[in-house]
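Worksheet for the structure shown next.
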Amino acid sequence: MANNEDLLKKIIAHAKEYGFVFQSSEIYDGLSAVYDYAQNGSELKKNIRDYWWKAMVQMHENIVGIDSSIFMHPTVWKASGHVDAFNDPMIDNKDSKKRYRADVLVEDHMAKIEAKIDKEVAKAAKRFGDAFNEEEFKSTNPRVLANIEKIEGIKNRLYPAMENNDMDAFKNLIEDLEIACPMSGSKNWTEVRQFNLMFSTNMGATAEGATEIFLRPETAQGIFVNYLNVQKTGRMKIPFGIAQTGKAFRNEIVARQFIFRMREFEQMEMQFFVRPGEEMKWYEYWKDQRMKWHTSLGIPAEKFRFHDHDKLAHYANAAADIEFDFPMGFKELEGIHSRTDFDLSAHEKHSGKKLRYHDPELNQSYVPYVVETSIGLDRMFLAVMSNAYTEEELEDGNSRVVMKLPPVLAPYKVAIFPLTKKDGLPDKAREIMDNLKYDHMCFYEEKDAIGKRYRRHDAIGTPYCITVDHQTLEDNTVTIRERDSMKQERIAIDKISGVVSEGLKVRH
Ligand code: ATP
């Protein structure tokens, strides 16, 4: 497991220097946990979004997309449970004045105990060599057993506290575990308080007549309230899905780790409507499909893992996260949830409108069950960036930073360089670019030596660089250089588009 704050710092600096991500309102010293995507970042983000959309909508006949509003009727959030239950427990340390999520403090404490167990296991594995049996060791070693018991004991108090929104139980747990503030080391804590994560604003012209409305904290509800409209107008038959990408807003208590946890972020969600009783089959199907989507990008499989939830939200009967090995360690990237008929039934109740589906095969009407896949676009962006960031020592003694982005996601696919600014080379290079740009995002550059231009494009992850030289004028060939191998080849101009398209293909 990587735990490399240094790597995260490098990625943040690189993202700024090469036009991927800027702090929002930077000239005013920024706005906490809000970021802007810059010229290269917005391309990369769009490509991730498109890649998701293609996999979900284009590749599935029974999935369609929508684009619903950020503002919704306030009762939507009452029905969904967000008004009453979308809270995080927060606690302040009186000495450092730092604010924490109470559940996260306890979880971090458990992770430390977990790390002790891992260390013990690693030590024993080394000592016993091939003969080591991890299961046996874990079930017999007294120190490991004591720590496992400790963790179980904590979970038995934490989960009921979360379930019952019992703030005193959180406080007692933090005190009993003697958890100290990571900043000040002090155990001088305030009470634990509930904090609703939804942002609100007022709609309407006058203060008296205005209605308080919320900025959506998830895109899913826009799908639920439109489900019957889509089903009817699209003549969709169960099982079918509705996909959507868009902004969501959460007033996170502790927002850090760059674009991992933001207050304004983007989600890519798909709700799949199924027959009651068939949800587990689809839940397994979507777990498998979503993992395949991640690895199809060529990111190593060992960077992903499933984390099945022990503790389920009241509306779910199964839930798992796909975690990614971020520079901060394995963390949630995507959630796959079997949400039963919780949302649609709640909307039936609050709206007084029937949201039933008539199943022609069963000749029955029912409220469908829902399996959802929900991924944060910004977290995927960070996953892709952290996997791609590579520092390389080259054979000639130089070094380079290269973003080994999956070519299909790279902001630019081809950079085109005339060798010099003279002898008609720029005109020829522009002519090539004018033909290529219909098919691919191209970048034209004539400034600096070729080597420097290569470095600049390595740093933003451009998979191909084309150099136009004097020979090009004679025989219509160019050199094409591949980013990762740095291999150069001479090819005919009319072959460029094909070579690039081939390189962008995703291999499953
Ligand atoms: P976490 O436990 O990290 O707060 P969550 O379980 O609340 O996340 P969901 O409500 O399941 O998250 O949202 C689905 C996805 O949206 C997450 O897997 C994550 O990728 C993304 N996401 C959620 N909150 C944020 C945020 N504040 N910033 C960026 N992405 C987010």
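Remember, predicted model here, so these are calculated numbers, not experimental data. Counting starts at 1 for both ligands and their atoms, in listed order.
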Report the nearest protein non-hydrogen atom to atom 4 (O) of ligand 1: residue, atom name, distance rounded to 0.1 Å. Arg261 NH1, 2.8 Å
Derivation of the salt bridge (Lys or Arg N to Asp or Glu O under 4.0 Å) call for Lys78 and Asp84: CA-CA 7 Å; Lys78 187 78 194 154; Asp84 298 318; 3.0 Å; yes
Residue and atom name of the nearest protein heavy atom (relative to atom 14 (C) of ligand 1), distance in Å to one decimal: Ser374 OG, 3.0 Å
Contact between His337 and ligand 1, counting heavy atoms under 4.0 Å? yes
Mind running salt bridge (Lys or Arg N to Asp or Glu O under 4.0 Å) on Asp458 and Arg483 for me, showing each step along the way? CA-CA 6 Å; Asp458 286 345; Arg483 177 193 70 198; over 6 Å; no
Arg379, any N or O under 3.5 Å of ligand 1 N or O: yes
Could you find the nearest protein heavy atom to atom 16 (O) of ligand 1 and give me its residue, atom name and distance? Gln267 NE2, 3.4 Å
Any N or O on Asp378 sitting closer than 3.5 Å to an N or O of ligand 1? no
Closest non-hydrogen atoms of Phe86 and Met198, given as atom of the first, atom of the second and distance, are CD2-CG, 4.0 Å
the protein heavy atom lying closest to atom 23 (C) of ligand 1 turns out to be Arg250 NH1, 3.5 Å
Any salt bridge between Asp92 and Lys97, counting N to O under 4.0 Å? no
For atom 6 (O) of ligand 1, what's the nearest protein heavy-atom neighbour? Residue, atom name and distance, please. Glu332 OE1, 3.3 Å
Would you tell me whether Asn317 and Thr340 have side-chain atoms, one donor and one acceptor, within less than 3.5 Å of each other? no
A quick test of your reading: do over 12 heavy atoms of other residues, nucleotides or ligands sit less than 6.0 Å from NZ of Lys404? yes
Counterpart residues, side-chain hydrogen bond (donor to acceptor under 3.5 Å, both in side chains), relative to His73 (two or more places apart): Thr75
Atoms of ligand 1, numbered as shown, that sit under 4.0 Å from any heavy atom of Glu334: 18 (O)
For Tyr35, run the ring-ring contact (aromatic ring centres under 6.0 Å, His included) check against Phe258, Phe22, Phe20 and tell me which one passes. Phe258
Could you check whether the rings of Phe249 and Phe199 sit parallel, tilted or perpendicular, using 30° and 60° as the cut-offs? perpendicular
Around atom 29 (C) of ligand 1, find the nearest protein heavy atom and jot down its residue, atom name and distance. Phe260 O, 3.2 Å
Starting from atom 21 (C) of ligand 1, find the nearest protein heavy-atom neighbour and note its residue, name and distance. Gly376 CA, 3.6 Å
List the closest protein heavy-atom neighbour of atom 28 (N) of ligand 1: residue, atom name, distance to the nearest 0.1 Å. Met262 N, 2.9 Å
Does any N or O atom in Glu269 lie less than 3.5 angstrom from one in ligand 1, N or O only? no
Any nitrogen or oxygen of Phe265, side chain or backbone, less than 3.5 Å from one on ligand 1? no
